[in-house]
Amino acid sequence: IYLVDPLAQSVSEQLDKHSGSVHSIDMNVLQPNLFASGGANSELMIWDLNDLKQPMIPGGTSSSSHHLDEDVQCVAWNRQKSHILGSTLG
């Protein structure tokens, strides 16, 4: 994931915690410092723009709780409740 500074027209951050491709990103409109990303190997991460060092991984990283052969195709924050995030596997 690359975060781009549109004024400087340059990459301001490169986030490399995903082990494969990222298929979806959604900003939390109720908490603008948060965004979610989903991608290969069922990886779902919640990022805080105030501290990008370590994203939160819902459900932890245990392979027994994930469908590792499926990709997260879409992530979307609820537009009325800031703590609700939906995702789809495919």
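- With sequence neighbours excluded, the residues that form a side-chain contact (heavy atoms from CB on, under 4.5 Å) with Leu3 are Ile1, Ser12, Glu13, Leu15, Phe35, Leu49, Leu52.
- In the hydrophobic clustering, where aliphatic and aromatic side chains (Ile, Leu, Val, Met, Phe, Trp, Tyr) are joined below 4.5 Å either directly or transitively, Leu7 stands alone.
- Residues Pro32 and Met27 share a closest heavy-atom pair of O-CE, 3.5 Å.
- Remark: Asn33 pairs with Asp48 by the side-chain hydrogen bond (donor to acceptor under 3.5 Å, both in side chains) rule, at least two apart or across chains.
- Rounded to the nearest 0.5 Å, atoms CD1 (Ile57) and CD1 (Ile46) are 10.0 Å apart.
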N/O donor to acceptor pairs below 3.5 angstrom from side-chain atoms of residues 80-90, sequence neighbours left out:
unit_1, atom_1, unit_2, atom_2, d
Ser82, OG, Gln31, NE2, 3.2
Thr88, OG1, Cys74, N, 3.3

Run the side-chain donor-acceptor check on residues 18-25: report pairs under 3.5 Å with partners two or more places apart or on a different chain.
unit_1, atom_1, unit_2, atom_2, d
His18, ND1, Glu43, OE1, 3.3
His18, NE2, Ser37, OG, 2.7
Ser19, OG, Asn41, ND2, 3.0
Ser19, OG, Glu43, OE1, 3.4
Ser19, OG, Glu43, OE2, 2.9
His23, NE2, Asp71, OD2, 3.3
Ser24, OG, Val75, N, 3.0

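- Lys17 has its side chain within reach of Met45: a pair of non-hydrogen atoms, C-beta onward, lies under 4.5 Å apart.
- With sequence neighbours excluded, the residues satisfying side-chain hydrogen bond (donor to acceptor under 3.5 Å, both in side chains) with Asp26 are Arg79.
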